[in-house]
Number of protein chains: 4
Amino acid sequence: MPKVGMQPIRRRQLIDATLNAINEVGMHDATIAQIARRAGVSAGIISHYFRDKNGLLEATMRDVTAQLRHAVLSRLQRLADASPEARLRAIVDGNFDDSQIHSAATKAWLAFWASSMHQPGLGRLQQISHRRLLSTLVFEFRRTLPPAQARLAGYGLVAMIDGLWLRAALSGEPFNLEAARTLTTQFIRQQLTQAHSN
Amino acid sequence: MPKVGMQPIRRRQLIDATLNAINEVGMHDATIAQIARRAGVSAGIISHYFRDKNGLLEATMRDVTAQLRHAVLSRLQRLADASPEARLRAIVDGNFDDSQIHSAATKAWLAFWASSMHQPGLGRLQQISHRRLLSTLVFEFRRTLPPAQARLAGYGLVAMIDGLWLRAALSGEPFNLEAARTLTTQFIRQQLTQAHSN
Amino acid sequence: MPKVGMQPIRRRQLIDATLNAINEVGMHDATIAQIARRAGVSAGIISHYFRDKNGLLEATMRDVTAQLRHAVLSRLQRLADASPEARLRAIVDGNFDDSQIHSAATKAWLAFWASSMHQPGLGRLQQISHRRLLSTLVFEFRRTLPPAQARLAGYGLVAMIDGLWLRAALSGEPFNLEAARTLTTQFIRQQLTQAHSN
Amino acid sequence: MPKVGMQPIRRRQLIDATLNAINEVGMHDATIAQIARRAGVSAGIISHYFRDKNGLLEATMRDVTAQLRHAVLSRLQRLADASPEARLRAIVDGNFDDSQIHSAATKAWLAFWASSMHQPGLGRLQQISHRRLLSTLVFEFRRTLPPAQARLAGYGLVAMIDGLWLRAALSGEPFNLEAARTLTTQFIRQQLTQAHSN
DNA sequence: CATGAATGAGGATTCATTCAT
DNA sequence: TATGAATGAATCCTCATTCAT
């Protein structure tokens, strides 16, 4: 069974198994043994590839944030010369990408957030991910708005994205993509057009 | 050491100790032994008052949601005849009440949310709390907006509240009350005045 | 089964069980489960009384060193006004007390010594025990010898005691008390009478 | 990377790595993986050269005892026609050879001794090494002393050597060679000159 | 000759819960 | 009403060993 070059394969298997476990039983009950069973490997192998359970969880969260980052950036690249509004809506859309709103991902995000407040490693990942999104949004707002207002707009849009996403996660129902797009588009337009109103 | 009438005192002691424990070490590491130590009682007593650990956690979450409910309703009562905007802003303000935005409460909320997706008891509490807030908001919006739009507005405002609140929890910094009020007020006004725009 | 005031009883049971386990299978194979079984209690109770396995081992070593200390001091008290030689021989005799030379104790000492070089807690206990014995010996030699020679004599007598004891432990045979007494008495007399020879 | 003739090289690498590991982290924490890392080879190779971990440990102890044996014999050969005292002092000196009193060797000796009481293979090696040294000493004493006294003298000198050596190991300080030589020389002279005194 | 992937048993530790007092 | 002694299951982690390549 032991082969060479298994590292990337095993890592992916185990990260996927972790996401599935978190989705089905929650992070608290996602034990090493269960994750290994889902991945079809022995429990011991986890320490071989991720050092310990925390290492696996961090790698999993890193994977989820990378997927979000990719969903956002790939959309922006396709709109290189578009208007700020179009680009902001694309960023929002990236956050509502299929990879992010399916059940496993939403539960993983929520679990990671809760854990990140007491686990330094996860906390760092969360901060990095958040700051990236925020600066991406603020950068676009700054093309139209003065600095202070752009920051506020970015802050508000991140909050709205997270809030919509959080509600979807907690409701247990499928993500209401249409409502989310309507509300975020309203927010973006309001911010961009009322540049002088506040 | 009175032998009778200890029930409310002990329950409060233990709920407060639970909130402190969640704040300092997280729900995962908030063991029965640690909570009991913080409350200055023995570990065995918890089963006497709350049956088991889950009972204590549910009681704690019920306490937190009741505080939120009270913060909102007490504000609304003082504005019985005010305008929808004023009442909506009061509801928002209730969500940003001191009792809700201090560190212990925000961490507890986030922890409860993460747990509520896999623990039926907590899930029910979360849903009840959410629906109460949503219907309170929608009720006010309905005084100005048609049903569908009022529902969407309520949904969006809940999302924004939760999002702002979530960001504050994750950032580790004090809640930026001014930014939160500016953004939510903008949202409320936009929804109320642009009733025809969507 | 749970009673009040069990602490000293349980601690003694567990320390004795630890010594037996070290004697029979060695410190490396003296697992928590095995020690608990010998003591007739559950494994979990060890953390209740000793925090963890290391705590139990330290308590056990502390117990062994205390027995040595007691064997020495009780002999000295009975010889309050005796000659230096008599008192020195009594100290040696304390080190060869039954409590020290039975198999369990000798193996425990050797195991603790080996461990003490990499476990700070045990290292401290070992140093304390050694220094006490050394200063007790040097104090008696100083009644006859000048400081430097008294120190050397004490150092040498400690080495001889430990060496005899070590050989007995490693040989697997019963302690040869007669040979040990002959050799140590020779050493003591030589040091005391040849005060000028070196 | 020659494919043949690697055996002696690899064995030496691994034995040295084992001694270093025992010195730095102790025998208990000297894992196969760690030893292999220190030797710059993979963990799997150990079973190839030493069958299993125990084989490696026995080979390492055999190496240490061989060094001791060599330090003693090489000194004796240079003193083929010398007096008993000179030869006895040479034997002692061999035991205090640099190869024996540096930190790694002392810790290895102590660790092996502790293990030898529960591991038959190591126990045999320890006994062989001890008997060799003892008979070498007794042989020299017999040139001057009657059998019983020579045995006792040899036994005592071994004990003193081991005791001095043990104290040095446990103290953590450099070996006090001068004190050791003074004490052992005193012992040797006392035994040789007081042949009638006991 | 050499690697490192993989296993699986074994051990320490944690912890909610129970229960005699 | 309250304690804390005691249990035992559950979990993470370590590690020697095996084996395909």
Side-chain angles (χ1 to χ4, degrees), chain A residues 1-7 9-10 28-36 40-56, chain B residues 1-7 9-10 28-36 40-56, chain C residues 1-7 9-10 28-36 40-56, chain D residues 1-7 9-10 28-36 40-56:
Chain A
M1 307 131 193
K3 293 179 185 174
V4 110
M6 293 301 285
Q7 194 141 348
I9 298 170
R10 286 279 177 266
H28 185 259
D29 291 331
T31 65
I32 287 244
Q34 191 177 126
I35 292 170
V41 296
S42 73
I45 203 70
I46 287 178
S47 75
H48 192 267
Y49 287 115
F50 297 97
R51 181 170 183 86
D52 57 14
K53 189 185 181 184
N54 212 50
L56 173 57
Chain B
M1 306 222 178
K3 294 271 183 183
V4 292
M6 291 302 287
Q7 187 146 353
I9 297 171
R10 284 278 179 266
H28 185 258
D29 291 331
T31 65
I32 288 259
Q34 190 178 130
I35 292 170
V41 297
S42 72
I45 203 74
I46 286 178
S47 72
H48 188 267
Y49 285 113
F50 296 98
R51 178 172 175 84
D52 57 14
K53 189 186 181 183
N54 212 49
L56 173 58
Chain C
M1 306 133 190
K3 292 179 185 172
V4 110
M6 293 301 286
Q7 194 141 349
I9 298 170
R10 286 278 178 264
H28 184 259
D29 291 331
T31 65
I32 286 247
Q34 190 176 129
I35 292 170
V41 296
S42 73
I45 202 71
I46 287 178
S47 75
H48 192 267
Y49 286 114
F50 297 98
R51 179 169 185 86
D52 56 14
K53 188 184 180 182
N54 212 49
L56 173 58
Chain D
M1 304 221 182
K3 294 270 184 184
V4 294
M6 292 302 286
Q7 188 146 352
I9 297 171
R10 284 277 180 266
H28 185 257
D29 291 333
T31 66
I32 288 258
Q34 191 178 131
I35 292 169
V41 298
S42 72
I45 203 73
I46 287 179
S47 71
H48 188 267
Y49 285 113
F50 297 97
R51 178 173 176 84
D52 58 13
K53 189 184 180 183
N54 213 48
L56 173 57

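Distance from the side chain of D/Tyr49 is smallest for E/dC1 among the nucleotides F/dA5, E/dC1, E/dT7. With F/dA2, F/dA6, E/dA6 as the candidates, the nucleotide lying closest to the side chain of B/Met6 is F/dA2.
A straight line from CG of B/Leu56 to C1' of E/dC15 spans 15 Å, rounded to a whole angstrom. Distance, A/Ile45 CD1 to F/dC15 C1': 13 Å, rounded to whole Å.
The residue A/Phe50 sits apart from the nucleic acid: no heavy atom pair falls under 4.0 Å.
Here B/Ile46 contributes atom CD1 and B/Leu56 contributes atom CG; the two are 5.5 Å apart, rounded to the nearest 0.5 Å. Between D/Ser47 atom OG and D/Ile32 atom CD1 the span is 8.0 Å, to the nearest 0.5 Å.
In terms of position along DNA chain F, the nucleotide closest to B/Gly40 lies nearer the 5' end than the nucleotide closest to the other residue of the pair B/Gly40 and A/Asp29. Where B/Arg10 and C/Val41 each meet DNA chain F at their nearest nucleotide, the meeting point lying more 5' is that of B/Arg10. Between A/Ile46 and D/Ser42, the one whose closest nucleotide on DNA chain E sits nearer the 5' end is D/Ser42.
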* Asked: Using Watson-Crick and G-U wobble pairs with both distances under 3.5 Å, what is the 5'-to-3' dot-bracket string of DNA chain F, with [ ] for crossing pairs and | for pairs outside the strand?
  -> .||||||||||||||||||||
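Between C/His48 and the phosphate of F/dA5, there is a side-chain N or O to OP1/OP2 separation shorter than 4.0 Å.
When C/Met6, C/His48, C/Arg10 are each tested for a side-chain contact (heavy atoms from CB on, under 4.5 Å) with C/Val41, only one passes: C/Arg10.
By the side chain to side chain donor-acceptor pair (under 3.5 Å) test, D/Asp52 is found to be paired with no residue, residues two or more places apart in sequence or in another chain being considered.
Between B/Ala43 and B/Ala33, the closest heavy-atom pair is CB-CA, 4.5 Å.
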Output one line per pair: protein atom, nucleotide atom from nucleotides 12-14 of chain E, and distance, for all N/O pairs under 3.5 Å.
| from | atom 1 | to | atom 2 | distance (Å) |
| --- | --- | --- | --- | --- |
| E/dA12 | OP1 | C/Ile32 | N | 3.4 |
| E/dA12 | OP1 | C/Lys53 | NZ | 2.9 |
| E/dA12 | OP2 | C/Ile32 | N | 3.0 |
| E/dT13 | OP2 | C/Lys53 | N | 2.8 |

